[in-house]
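Structure first, then comments.
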Amino acid sequence: MSNTDTIDLSEEVKPFSTYARSIYLTCSYVFFFRQQDAMDESAERTDTEDEDTSGGDTNTEDEDTDDDDNDESIESKYIKQYIEILTKIAGDKYNYDNYAELLEVAHQMNDLEKIRQSAEIFAAMYPLSPEIWLRWLKIEASIATTDEQIEKVEKLFQRALNDYYSADVAMEFAELAMKTSSKDISDRIWRTLIPTYGLHTMKGRSIFEAYREDTLTKNGDTPESFNRVARIYEQELKIPLRNMEESCIQYKLLCEKYKDQLTDLDEEKFERRYKQAKDALQRMLPHETALAELKAHCHQERADLFRKYIEDCQAVLDDDEVQILYERMVTECCLDGTVWVDYLRYLHRCPPDPEDGQTSPVFRQSELDVVNRALRNCPWCAELYVEKMRIAERHYKDGSKMMILKIMEDVASAGLQTPEAAVKVWLEYLTYLRRVTDFTSEKERDILRANFDLAWNQLGRAWGVLADPQCKILQFWGRLEYEALGEPSKGRDLWYSVMDSADNSTRVGLWIEFTELEAKRGPDAVRKLYRKSITTAGLDDPETLAAAWLRFERCNGTLDQLMSCQELCNATIEKYYKTLSTKTSARGAKGRKLDGGKEPVTSSSKSGQSPNTDGNASAGNMGKKNLKRTHDQTSASSKAGGERKEEFKTPAVPASKVFDSNNRQESSMHDASKRPKLDDTSEEVAEKEFERRQVFVSNLSFEATEADIRAIFPELAIESIELVASSSGKSRGFGYMLLASEQEVPKALSFDRRPLAGRPVFISNVARDKANRPHQFKYSTSFEPNKIFIKGLPFNLGRDDLQRLFEPFGAIRDIRIVCYRNGKSKGLAYLEYETVTAAKNAVLKMDQHVIDGLTISVAISSPPPKKNPTATEPNLALAGEDADGTGNSASSSLGSGKRQLAKGDVKQKISPMIPTALLKKSAAAAAGNEKPKSNDDFRKLLLKQ
């Protein structure tokens, strides 16, 4: 390959053509290198033959020849490295490190053509950092002598400044302007730099100084030159720049010295602008100091500082100065997608004015230009694709469909890292299609449905059960079927699919939305759905659902329908609060003492009737005694006769003994013979024994049956298996397994993550008290010198492949591939050797090894220690204290999480459940702790008035 093959730097480099050129270069270099090896081998054979025929004569070489040979060997080494890296790039074009390594080897070769080629290959895939540009540009600028060469270098500088906002690159560009003898090139460079980099608070003054120096050098000591320098000073001193006081002194000295030659001086206007800029600078400097003191790797903290900087100073800066702050933020935090989104939203609020005729590329940028820059830095950020779709719809209405379709193709090739990100992009795309669809056209309606179907199926293929567990896409599709698409029956089917997925059937908000949509099919359909929803197990807020149904029946139902609704709702809510009460007492929750030493009772023990579901009562007053009968109760009692007594029957819910703050038993003997005992009954003992034989199994396939579970655990003596089902009767993927004896439980826990239908089955203990649950993680969390940790593996790599790769270094004891819940590999694995030596050899040989284009990392297994929640969450220690501050709590557990209020529990500071007399006594007791006031104290109080 000849050295005359050069790259035209004035051409716009296209990513695909450059990438293709890199493949061509790879093949060319491989051919060249093999040819050179063949020639060297032939020459070596010739030398050997000459030596044999010469009868042992020795050839002497001088020192220059030795040096040439050494240089050739070093050059051959670099060429070989260069070819190897190009081969890596051809196999994995998304690996950033390969491009950086290629460019580094090119610089070590000191070959300008290789530097240009590797930089262009790099730039075609990723934006070059300011440091990479600066290293290349310094070389190009140092060898450029003619105007034509300088113009080519100028175009390179423009490309560098388009990638990132860099004051260092701008200063090197300024030196190029000072170097050239062409006024046209020089003026063009200054028109680019001054409006943009002259606004940099910390480095803008250096740009202005270089500009003044270049102006005086090229124009000489003429009145025109002095007036131009004065205008430059005036332009600089209305911008908040560090050390602007020194420039102000220089400007005043210039005005004093050449006052006879300077024109158009407006001292009052200058002073006013200078004072405004100086005031703004005082507000900005603390933020600049904080940014300068921050360490280089603190990217999130830097982004937060920039946001606070902009928020605090935006009022005193103009739009261009604010935009420069955004440019600095995205340059220094370029891999944070959120800062790019902030910048785009600022441009949407304050768009550039096309009539300004800005010469600087920064201020000429449109929203589309910025979002394209952003996606080159963060191709994994879903929010950026969403913003790009919205920009295309706003600004390119005629061609928006093709642009947005191209964006979705880019999303598919980028490969988003989480299912939530993929759902977000698909929702935005489908929302756009809904806006542009003509619902009067059957063809367009079918196209919209096809896109919904495509989105749902693609997400399912890519992410399995993790894809959109809340079914946001199906909710959107179903609502459209009820409304714009005009097929309520299809919408109902979609919404039933939503409610059957994950835990959606327990979310009352979704049920209410579903019933509102069903109203389009008539009141009978709504009534049927309300009846189905209120009987669903595990509802998160049954009271709200019951109140909604009651309101519906009051508006649309007959008397019998209303009474049926009330009966079902009351039964459901009573059951709900009994469940909460049982859970609360099981956690050891404290009871509250009421007036007169009466036993604390739950709201259900006060009234026997479930709380008022008419929508007027709230959880805060559910524990109040129902002193007045409602109209519904009156009509019910008149019809049912003697049912009223039965209605107010106290449920048989055992109440806990109450202890005061000194842990003494309540002294009242009122009805002591009827108080329940705290000793375990025979039923409770049986229940605990039953619980100790149970294990919880989860992450099951929805199609898994009891027979399938028994088949994969033949070692266990399983008494029964209970799979939890949804409201539609389908399995929810988890359940309970009752074993023959307690001794079987540890054995069952050891089978945790055994695969069933390609999914690991999770087995855990069901002990209610988490403190009694044994630590179930069966793998070591300490340093294991004979075990290695491997990451970066291809997702399709199996145990046999790992065995074949790592077996040459020693005997393997165990291999564990870490998987997601759906059984797919995470690209991580643990491999245990019989000996420590084998593990060390595997790390040395296989770390950074390339498998199917992926570079793996191999290290000795040493998991980081888990954090101690008691050390990091000091507030939890206060959660167990009593109201009186003694620290006596019902439960000493710090990991029990947020306590859920049982029926009758009160959050208010002053509870409506506590009699006023007790409240007054408490207040009086609190006041009694104060020191009594003397006559002098009262006299002082009167004098103050």
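For the single chain, residues carry numbers from 1 onward in sequence order. This one's a predicted model, so the numbers in the text were calculated from it and none came from an experiment.
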Are any of the side-chain nitrogens in [X] or [Y] under 4.0 Å away from the carboxylate oxygens of its partner?
X	Y	result
Asp410	Lys406	yes
Arg816	Glu832	no
Arg449	Asp446	yes
Lys401	Glu393	no
Arg492	Glu518	no
Asp540	Arg507	no
Glu420	Lys424	no

> Can Asn504 and Asp500 be said to form a side-chain hydrogen bond (donor to acceptor under 3.5 Å, both in side chains), step by step?
Replying inline: CA-CA 7 Å; Asn504 288 342; Asp500 288 339; over 6 Å; no
> Per the salt bridge (charged side-chain N to carboxylate O under 4.0 Å, His left out) rule, which among Glu367, Glu383, Glu428 passes with Arg390?
Replying inline: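 Among Glu367, Glu383, Glu428, the one meeting salt bridge (charged side-chain N to carboxylate O under 4.0 Å, His left out) with Arg390 is Glu428.
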> Just checking, Lys826 and Tyr820: is the charged tip under 6.0 Å from the six-membered ring centre and within 45° of the axis?
Replying inline: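 Positive - Lys826 is close enough to the ring of Tyr820 and near enough to its axis.
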Mind checking the [atom1]-[atom2] spacing from [X] to [Y]? Nearest 0.5 Å is all I need.
X	Y	atom1	atom2	value
Asp336	Asn377	CG	CG	11.0 Å
Met846	Ile788	CE	CD1	8.0 Å
Glu543	Thr572	CD	OG1	11.5 Å
Lys824	Trp463	NZ	CH2	8.5 Å
Lys443	Leu448	NZ	CG	14.5 Å
Leu802	Leu793	CG	CG	5.5 Å

> Applying ring-ring contact (aromatic ring centres under 6.0 Å, His included), which residue pairs with at least one partner in residues 417-445 are found, sequence neighbours left out?
Replying inline: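 Sorted pair list: Trp426-Tyr429.
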Least distance between heavy atoms, [X] atom then [Y] atom:
X	Y	value
Ala392	Met403	CB-CE, 4.0 Å
Ile721	Met737	CG1-CG, 4.0 Å
Trp549	Arg531	CH2-CA, 3.9 Å

>> For a side-chain hydrogen bond (donor to acceptor under 3.5 Å, both in side chains) check, start with the C-alpha distance between Asp438 and Ser441, then their side-chain angles and the critical distance, and finish with the verdict.
In response: CA-CA 6 Å; Asp438 179 10; Ser441 168; 5.3 Å; no
>> For Asn372 and Lys388, which I'm curious about, is there any donor-acceptor pair between the side chains at under 3.5 Å?
In response: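 There is such a pair (donor and acceptor under 3.5 Å, judged by atom type) between the side chains of Asn372 and Lys388.
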>> Ignoring hydrogens and geometry beyond distance, is a side-chain donor-acceptor pair present between Gln365 and Glu327 at under 3.5 Å?
In response: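 Their side chains do contain a donor-acceptor pair, which is all the 3.5 Å distance test asks for.
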>> I'd like to check the side chain to side chain donor-acceptor pair (under 3.5 Å) partners of Trp495; sequence neighbours left out, ordered by chain and number.
In response: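 Side chain to side chain donor-acceptor pair (under 3.5 Å) list for Trp495, sorted by chain: empty.
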Would you please classify the geometry between the [Y] ring and the [X] ring as parallel, tilted or perpendicular, with 30° and 60° separating the classes?
X	Y	answer
Phe122	Tyr126	perpendicular
Phe514	Tyr482	perpendicular
Phe552	Tyr530	tilted

> So, do Cys471 and Phe476 sit near enough that their side-chain heavy atoms are less than 4.5 Å apart?
Replying inline: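 Not in contact.
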> Excluding sequence neighbours, so at least two apart, what forms side-chain contact (heavy atoms from CB on, under 4.5 Å) with Thr535?
Replying inline: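 Only Leu568 meet the side-chain contact (heavy atoms from CB on, under 4.5 Å) criterion with Thr535.
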